[in-house]
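Following: one structure in structure tokens, then a few remarks.
The chain is numbered in sequence order, starting from 1.
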Amino acid sequence: MNVKEMRALDKDALQKELQDLLNTEFKLRMQQATQQLQNTSLLRKTRRDIARVRTLLTEKATTK
């Protein structure tokens, strides 16, 4: 999901997206710890997506 699509979401949808990303990050970290993760760049992409969602949540909170 790109930033344009994320900006169109409301606060509740962003919260759900954040929880999904955090769960995904946890699963990826567990796979990496057990040497099962083939594509390690997924961790970095997921962390950046988490930061994007958190930034958008902060922006929405300060504008209201």
Side-chain angles (χ1 to χ4, degrees):
M1 182 180 295
N2 62 17
V3 177
K4 249 184 193 179
E5 294 171 351
M6 286 182 189
R7 286 190 188 278
L9 298 176
D10 63 339
K11 189 177 179 183
D12 293 332
L14 284 173
Q15 287 287 349
K16 183 180 180 332
E17 182 70 23
L18 179 62
Q19 286 301 316
D20 292 342
L21 287 169
L22 288 171
N23 287 337
T24 301
E25 183 195 19
F26 176 77
K27 290 175 185 174
L28 289 172
R29 283 190 291 133
M30 291 301 111
Q31 287 179 4
Q32 185 180 29
T34 59
Q35 303 293 318
Q36 295 176 352
L37 184 62
Q38 297 295 321
N39 188 0
T40 58
S41 68
L42 290 176
L43 272 171
R44 182 177 185 187
K45 290 176 185 175
T46 305
R47 281 197 311 265
R48 287 183 179 204
D49 286 341
I50 290 170
R52 284 186 189 101
V53 171
R54 285 183 174 163
T55 300
L56 289 173
L57 282 170
T58 303
E59 286 178 3
K60 288 184 184 280
T62 57
T63 58
K64 291 186 178 183

Quick one: side chains of residues 12-24, donor-acceptor pairs under 3.5 Å with protein atoms, not counting sequence neighbours, listed by atom name and distance.
from, atom 1, to, atom 2, distance (Å)
Lys16, NZ, Asp20, OD2, 3.2
Asn23, ND2, Gln19, O, 3.4
Thr24, OG1, Asp20, O, 2.9

Margin query: Per the side chain to side chain donor-acceptor pair (under 3.5 Å) rule, what does the pair list look like for residues 27-42, sequence neighbours excluded?
Written below: Asn39-Ser41
Next item on the list: Would you sort out whether Arg52 and Met1 count as a side chain to side chain contact (heavy atoms under 4.5 Å, CB included), showing the intermediate values?
Entry: CA-CA 11 Å; Arg52 284 186 189 101; Met1 182 180 295; over 6 Å; no
Item checked: Inter-residue atom distance Glu59.CD - Arg54.CZ, 0.5 Å rounding -> 15.0 Å
Checklist line | ILVMFWY cluster membership beyond Leu42 - transitive side-chain contacts under 4.5 angstrom | finding: Leu28, Leu37, Leu43
Notebook entry, point to check: CD1/Ile50 to OG1/Thr55 distance, rounded to the nearest 0.5 angstrom?
Noted result: 11.5 Å
Checklist line | Smallest separation among heavy atoms of Lys60 and Thr63, with atom names | finding: O-OG1, 3.2 Å
